[in-house]
Structures are given as C-alpha cells and as structure tokens.
J.: 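Submitted below is the structure of interest, expressed as structure tokens.
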Amino acid sequence: MSKKIYIFDTTLRDGEQSPGVSLNKKEKLEIAFQLAKLGVDIIEAGFPIASPGDFEAVKAIAQNVKGPVICALARIGFEDIDRAWEAVKDAEAARIHTFIATSEIHMKYKLQKTPEEVLAMVAAGVKRAKSYTDDVEFSAEDASRSDLAFLCRVFETAIAAGATTINIPDTVGYATPEEFGKFIADIKAGVPNIDRALISVHCHNDLGLAVANSLAAVKNGARQVECTVNGLGERAGNASLEEIVMGLYTRRDNYGLETGINYQEIYRTSRLVSSLSGMPVQPNKAIVGKNAFTHESGIHQDGVIKERTTYEIMNPQMIGVIQSNLVFGKHSGRHGFKKRLEELGYQLDKDELDRSFKQFKELADKKKQITDADLIALVENQIRKIPEKWHLEYLHICSGTGVTPTATVRVVSEDQVVEEASCGEGPINAAFNSLEKVTGITVTLLEYSINAVTGGKDAIGEVTVKVEHNHKVFSGHGISTDILEASALAYLNAINKVIYENSINGETVIS
Ligand code: KIV
Ligand code: ZN
C-alpha cells in the first residue's frame, strides 16, 4: 500500500465557514498561493454555488495557482455540479467534490429522502461530475453516524459511477479514535470496488478529537486527510493541517507514511491565515502557538540549553519559526533590508519594497532594535493590502481621568482630504467614531484583539478587528508602536475593505 498521504486543504472552504470569518477574493488568492508553496496536494478553493463572490474566487484560484489540484465543492444536484465545473475548469488539474448526507437523521429530517432516493442521486450526481473531469470526489456527509451497510452501498455506487476519491466525514465531530479507525477498516472491507478509489477522511473537532480521529483513519487505510490551517472550520473547526503533518513526520516511526509538505512554510502559512481571517492563534496551540516552543520553568530551560531534545520533540526552525534575532536599526540600508527579507522568504516587487522600506524607516525612528519578527509583521502588513481608498494622515487623541475622550482624525484619498473629531467611551472608541465620520461608512465592531509582536517597552502592537457591514464580516489589521494608532489603522483597514468589496461587486456603499 502506498506510503503517501495526500493533504487536502479546505481552509478556503470549510475554514471560511468558521463563524466570523469572511475573506475577499484577493485574500483567498493570496492564501491559495501560499498553500501551493506549502506543498498541499489539493486546495478546496470554495463552494461556487454559494455566492457570486465564492464563484469568482474559485475561478481566480483555478486560473492562477499552479501545482496543487484545485477543487470546488458541490451538493449532488446538477446545478451545483455544473457551477462547480464552470469555476474550476481552467485549473492545471481540476477536481469536483460532490456530497450528500447519508445518516438516517439527515436523510429523514434535512433531505426528506429515502435511502433509495439518495442512492439514485449519488449515481446521477457522480456521473454528471465525471462527464466534466476524471477527478471526482464523493463525500457522504455525516458518514460517522450513518448505517455501515448502507454507507458501503453508497460508496460502491459512487465508485461505480466514477468517483476516484471517497471521503468519510465525521461531520459533527462525534467519533472517537478507536471507533473511527475501525469504521474506516470496515468500509475498506465492505465496499467491493474500493480498490478503484482513494479513501479520504474529514474530521471536525467538536470533542477535540479531529486530529486523533484522522490519524486513526490513516492507520486503517485512509490515504487522504482533509484539514485546515490553524484548524479553522465550522463550529469547533476541522483537523489542523500543521498537527496532522507534524504528527505524521515526528512519529514516522509509528506511521511509516509521508506527505509532500514543505515544512519550512508551515509557520508562515499559519500567520498568513490568522492575519487574513482575523482569527488569532491561541498561544498554547500545538505546533504554531506562540508558546509551542517556549520553555518557562527553570528545569526545562536548563535542559534545553544543555540539549534541545530534552524537552523539544520538534525543531522550531524546521517549520519556519523565526527566532527573534536583533538585526536592524535606523542606519540599516535598503539593500540589506531587501536581502534580509529575501532570506526570510519574502520576494517583494518594487512598489511593495518601497512602501515597506518607508515604513521600516519610520519604525526605526521609534524603535531602536528591529527584529526579524518586527520585519515580518511590517512586510506582511504591506503586502496584504487591498487597494485602499483612505489613508490615515493624522490622529490626535485626548483622553485621561475626568476628561471626555476625543479623537481627531484626518484621512486622505487620491482627491480628498477630510478631517473630523468625535467623542467616545474611551480613546479607541473615539478614534473609531471619527473614522466612521470621515469615511462615511458605519460598521459594527464585533471583535478587537491586540498582540505584542516582540517583548520590550517599544514592541510593535498588532491590532486585529472584526466589523460587520450589511450583514458581512470584514477583518482589519494594523501595526504600530503606538497601540492607539495601530487600532485606528486596523479599523480604517476594515473600512477600506468594505469600500473595496462594494466597488468590485459594483455596489454603492450604504452606511
Ligand atoms: O463536514 C462535512 O461533512 C463537510 C462535507 C461537505 C465534506 O464539510
Ligand atoms: Zn466539514
């Protein structure tokens, strides 16, 4: 049996279904390019029938991202499948992933179909997908709560109709590792034509078992694992890509399997997804959390200094964690700046380099020693920018005990300069109110988080906000050594995204 585990990344589809996550086309493309660098085998780029925005994003990814197979999700109906094909057909290698629920509870209450009707739909739907491409994946939604004998019939039907991958989801995260492993083995034994398809699993994390269940499945013959960066996904999320990949690698003595992942890109991918999705990574998250390689107790620190492997089972450098070296100061030149960024894996075009270097010089005036972590925060902040209508030119905040917080802001666009002042419940609220006034866009703040990029009094503060506008969620990101300024920049970034999104959809902004 093959030793290769195919990594099917669904960050842009299931991951984007995380509550409060909404990515625009440019952000999705950027993540897809990074996933290709990471070396995933398949990118599930979206669910094209869900909205015109989803369709356009999948199409752009199919047309531009080379390397991985590009996959689109479709329910089993013809309209969904036709739309999915329309979106992915230009890819170097395209896959249609079609699904229908097979558990009694889903068939009876959600679909209101009999098992025989579902079987007929599977045969017809997979055949339709096969008329477009050889690469067809079929998923039995809620498989882990489906009747085993019926599920085997469903998979047999799907394979007979042309499915080349059959996916077994634990849709509601109900399975346990021993049980799920056996379930996979039973399906393998119970589907007569299983040798014509690859077995895949897709586990949700409602009981915190998604990774354990996926690895148990792999032990029992699954050869494709569906997962997401940082474990994003519906409810409690999906199996986390970095945990699956590093579990397989670190315990290769136990699994004897391999992936095609470029480990060096893991950390960078995690940061990118976190910042674009506005979903911070919890500090104690395995592999990519801030504390994953931090040793607090004296005994542990002493051990690691003497021999790293006393307390570290993985090498942080292997996954591209950047150690915070002191590298730069205000006298550093453009050439050295560019070279260091290249060493850190960032190839900037001229425009991005100009903007980043300008921001670096401004930062160097405020912060004596600039570390690799600072450089990364700065450069990522620049290269991820959508075309922004408004730029913050001036911010003045007055706040203190017994004083009503007031903020004055001035923003500029290509042909306008606008200044306004507002009061607020606190200094940040006052700045946000002023930004809404100057831009004419009203949004509702859903979430606010702040994180220090490095230690020290002059650390860069990285602010992430999530706002809602016309029932859509937008995230914003801002960095500065001044946290009030970082907050204002993050809020303005979110407002600019509202304006950008509406402009590409041809809508007029309604405040
Ligand atoms: O969780 C699930 O069952 C899914 C399917 C569409 C694969 O996301
Ligand atoms: Zn799912």
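Order of appearance sets the numbers: ligands from 1, and atoms from 1 within every ligand. Nothing fancy with the numbering, it's 1 onward along the sequence.
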J.: Do the numbers put Arg268 on top of the ring of Tyr346, so that NZ or CZ is under 6.0 Å from the six-membered ring centre and no more than 45° off the axis?
T.: yes
J.: Any nitrogen or oxygen of His97 lying under 3.5 Å from a nitrogen or oxygen in ligand 1? Just yes or no.
T.: no
J.: Return yes or no for this condition: an N or O of Glu226 is under 3.5 Å from an N or O of ligand 1.
T.: no
J.: Tell me: protein heavy atom nearest atom 7 (C) of ligand 1, and distance?
T.: Ser139 OG, 3.7 Å
J.: Counting heavy atoms only, which of Asp170, Thr171, Asp14 is nearest atom 3 (O) of ligand 1?
T.: Thr171
J.: About how large, to 10 degrees, is the angle NE2 of His204, then the Zn ion (ligand 2), then OD2 of Asp14?
T.: 100°
J.: Does Lys4 make a cation-pi contact with Tyr6 (under 6.0 Å, within 45 degrees of the axis)?
T.: yes
J.: More than 12 heavy atoms of other residues, nucleotides or ligands under 6.0 Å from NZ of Lys66: is that the case?
T.: yes
J.: State whether Tyr255 and Lys219 meet the cation-pi test: NZ (Lys) or CZ (Arg) under 6.0 Å from the six-membered ring centroid, and within 45° of the perpendicular axis.
T.: yes
J.: Under 4.0 Å, heavy-atom basis, I'd like to know which part of His204 is in contact with ligand 1: side chain, backbone, both or neither.
T.: side chain
J.: Quick one, Val245 and Tyr263 - any side-chain contact, counting heavy atoms below 4.5 Å?
T.: yes
J.: Are side-chain N/O atoms of Glu226 and Asn238 paired as donor and acceptor at under 3.5 Å?
T.: no
J.: Going by the order shown, which atoms of ligand 1 are within less than 4.0 Å of some heavy atom of Pro169?
T.: 3 (O)
J.: Which atoms from ligand 1 have a heavy atom of Glu141 less than 4.0 Å away?
T.: 3 (O)
J.: Is it the case that the side chains of Gln264 and Gln317 hold a donor-acceptor pair, with the cut-off being a distance below 3.5 Å and no angle test?
T.: no
J.: Atom 5 (C) of ligand 1: which protein heavy atom is closest, and how many Å away?
T.: Arg13 NH2, 4.0 Å
J.: Could you see which bit of Arg235 sits under 4.0 Å from ligand 1, with heavy atoms only: side chain, backbone, both or neither?
T.: neither
J.: Distance to 0.1 Å, residue and atom name: give those for the protein heavy atom nearest to atom 4 (C) of ligand 1.
T.: His202 NE2, 3.5 Å
J.: Cation over ring, Arg83 on Phe55, under 6.0 Å and within 45°?
T.: yes
